[in-house]
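Have a look at the structure below, then the notes.
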Amino acid sequence: MRRVTIFGATGSIGENTIDLLLRQRDRYEVVALTGGRNVARLAEQARALNARLAVTCYPECHAALAEALAGTGIETAAGPEALLEAADRPADWIMSAIVGAAGLAPGFRALRHGTTLALANKESLVTAGPLLMAEAARRGATILPVDSEHSAIFQGLVGEDIAAVERVVITASGGAFRDWPLERLAQATLDEASTHPNWAMGQRITIDSASMFNKSLELIETREFFGIDPARIEVVIHPESLVHALVGFRDGALMAHLGPPDMRHAIGYALNWPERAELPVARLDLAAIGQLNFQAPDLRRYPALALAREVMRIRGHAGAAFNAAKERALDAFIAGEIAFTDMARVVEATLDRLSGECALARPPESLDTVLAIDHLARQRAAEAVRALNART
Ligand code: NDP
């Protein structure tokens, strides 16, 4: 039996992971499942998988969780400390699928025990990539990428010498507003931004796909996970979302990874690695697909990509500042406080201010310094939101 824990079980990645586990129920022993406000679903999942522990990150949701699991013998707990305690419970494979910077601490803690960490929470690498990779190396832990692009690159590198890699190309659907006239973007509504042309994902990452903040995080994630020079990482728009990434080698070969837009492939690859298991994903019919399209991203439509290049140039704590400002700007857009196009303005203003206020380029020394920058960037981003509102 393989011992498995899922952080962010009630989310889109968490549900897809559970779908795979339930198909081979007798192979897995579920140590812990964690969630947030959706305690009814968390309790259902814990029952279905007979988990030993269910944790909500919100103390105020604990009573409802405990009530929903009363009489089952499944232990319950709540709060950020309880998440860390869940990470301390021995497990062979842990899925890190909390959304946002909140996913950093539990994943980091899990590495301490030399586990295999399937990393969907890209924010961990964006905010604290060098710390995370060093901790994994020190503890003999394995990090497996779960983002579809990074899983694709990882698979493209099996058996290859990283020194022979000339470039990697990550693809982007272009999101909900790929074909909108530029001047209409400022009027984009929350509903319009929350619809993805190809993937079914959580709301936050769907909006981040429309703005390409998600692709920006992935650029930084690629740099941190694979150690590839940013100048060698390209982004190309690929509306069909069937080619997830390509790896180019010095002999001119460009290896593409294709698959349907179904996260169960990347999750299943990480779950079964280093083997390949049969997975319940659709098989591509190339003749029916007919053609695949690619185009260069327009930086006027996707200013987040230019900001990510600047973050990779500065490195240090810039990723933590970028991500925190992005999360705060996204909160403001969801709350109707700012326009869709203001999100990039808020992030840029935050990075500008922090560049003047603190040594952003200083390499992160500990999670505490990362979290301090995260905190400061959220404050500065909130001020930038207020400044934008004061102008209008
Ligand atoms: P969702 O929003 O669907 O789910 C997020 C999960 O995190 C839920 O279980 C939620 O609980 C929990 N959660 C929310 N806030 C907190 C918090 N402060 N502390 C602890 N737990 C919290 O996200 P996704 O599944 O879409 O994404 C998860 C991660 O995976 C993100 O980093 C995303 O970028 C990445 N990713 C997602 C992909 C996708 O296809 N969805 C693809 C590739 C990467 P609850 O819902 O109960 O409140």
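Here, residue 1 is the first one in the sequence, and each next residue gets the next number. Numbering of ligands and ligand atoms starts at 1, following listing order.
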**Q.** Glu275, CD atom: more than 12 neighbouring heavy atoms under 6.0 Å
**A.** no
Q: Could you find the nearest protein heavy atom to atom 23 (O) of ligand 1 and give me its residue, atom name and distance?
A: Val99 CB, 3.9 Å
Q. Taking distance alone, with no angle check, do Asp147 and ligand 1 share an N/O pair under 3.5 Å?
A. no
Q) Numbering the atoms of ligand 1 from 1, which are under 4.0 Å from a heavy atom of Ile205? A) 26 (O), 33 (C), 34 (O), 36 (N), 37 (C), 38 (C), 42 (C)
Q.
Less than 3.5 Å apart, any donor N or O on the side chain of Glu240 or Asn293 sitting next to an acceptor on the other?
A. yes
Q: Assess whether atom CZ of Arg300 is packed by more than 12 heavy atoms of other residues, nucleotides or ligands within 6.0 Å.
A: no
Q. Which protein non-hydrogen atom lies closest to atom 17 (C) of ligand 1, naming both residue and atom, and how far is it?
A. Cys57 SG, 3.5 Å
Q. For Thr171 and His244, does a side-chain donor sit closer than 3.5 Å to a side-chain acceptor?
A. no
Q) Which other residues end up in the same hydrophobic cluster as Val236, if Ile, Leu, Val, Met, Phe, Trp and Tyr are linked when side-chain heavy atoms come under 4.5 Å apart? A) Val169, Leu242, Val243, Leu246, Leu254, Leu258, Leu284, Leu286, Ile289, Leu292, Phe294
Q: Looking only at protein heavy atoms, identify the closest one to atom 13 (N) of ligand 1 and say how far it is in Å.
A: Ile98 CG2, 4.3 Å
Q) Which residue supplies the protein heavy atom nearest to atom 26 (O) of ligand 1, what is that atom called, and how far is it? A) Gly202 N, 3.4 Å
(Q) Applying a strict under-4.5 Å side-chain criterion to I, L, V, M, F, W and Y, I'd like to know whether Leu217 and Tyr302 cluster together. (A) yes
**Q.** Under 4.0 Å to a heavy atom of Gly8 - the qualifying atoms of ligand 1, by number
**A.** 6 (C), 7 (O), 9 (O)
Q.
Within the 4.0 Å heavy-atom shell around Ala102, which atoms of ligand 1 are there?
A. 17 (C), 18 (N), 19 (N)
(Q) Between ligand 1 and Tyr58, can you find any atom pair, the residue atom being a heavy atom, that is separated by under 4.0 Å? (A) yes
Q) Which one holds for Glu123 and ligand 1: side chain close, backbone close, both close, or neither close, with close meaning a heavy atom under 4.0 Å? A) side chain
Q) Got a sec: does the CD of Glu81 have more than 12 other heavy atoms crowding it under 6.0 Å? A) no
Q. When only distance counts, is Gly36 in polar contact with ligand 1, meaning an N/O pair under 3.5 Å?
A. yes
(Q) Below the 3.5 angstrom mark, is there an N/O of Gly14, backbone or side chain, next to an N/O of ligand 1? (A) no
**Q.** Residue-ligand contact Arg204/ligand 1, heavy atom below 4.0 Å
**A.** no
Q. Starting from atom 4 (O) of ligand 1, which protein heavy atom do you reach first, and at what distance in Å?
A. Gly11 CA, 3.1 Å
Q. Taking non-hydrogen atoms only, is Ser12 closer than 4.0 angstrom to ligand 1 via side chain, backbone, both or neither?
A. both
Q.
Testing the 3.5 Å rule here: is there a donor-acceptor pair between the side chains of Glu218 and Thr222?
A. no
Q: Look at atom CD of Glu67 and say whether more than 12 heavy atoms of other residues, nucleotides or ligands are closer to it than 6.0 Å.
A: no
Q. Taking everything shown except Met133 itself, do over 12 heavy atoms lie less than 6.0 Å from its CE?
A. yes
Q) For ligand 1, is there an N or O atom under 3.5 Å from any N or O atom of Thr34? A) no
**Q.** Min heavy-atom dist Ala97 to ligand 1 below 4.0 Å
**A.** yes
Q: Check ligand 1 against Asn121 and write out every atom of the ligand that is under 4.0 Å from a heavy-atom position of the residue.
A: 32 (O)
Q | atom 27 (O) of ligand 1 - nearest protein heavy atom and its distance | A | Ile13 CG1, 4.2 Å
Q: Would you please classify the geometry between the Phe177 ring and the Phe340 ring as parallel, tilted or perpendicular, with 30° and 60° separating the classes?
A: perpendicular
Q.
Return the closest protein heavy atom for atom 35 (C) of ligand 1 as residue, atom name and distance.
A. Ala120 O, 3.1 Å
Q | Exercise: do Gln379 and Arg353 side chains pair donor with acceptor under 3.5 Å | A | no
Q. With atoms numbered from 1 as shown, which atoms in ligand 1 lie under 4.0 angstrom from a non-hydrogen atom of Thr10?
A. 8 (C), 9 (O), 10 (C), 11 (O), 45 (P), 46 (O), 47 (O)
Q | Shortest protein heavy-atom distance from atom 34 (O) of ligand 1, along with the residue and atom involved | A | Lys122 CE, 3.1 Å
Q | Partners passing salt bridge (Lys or Arg N to Asp or Glu O under 4.0 Å) against Glu60 (at least two apart in sequence or in another chain) | A | Arg37
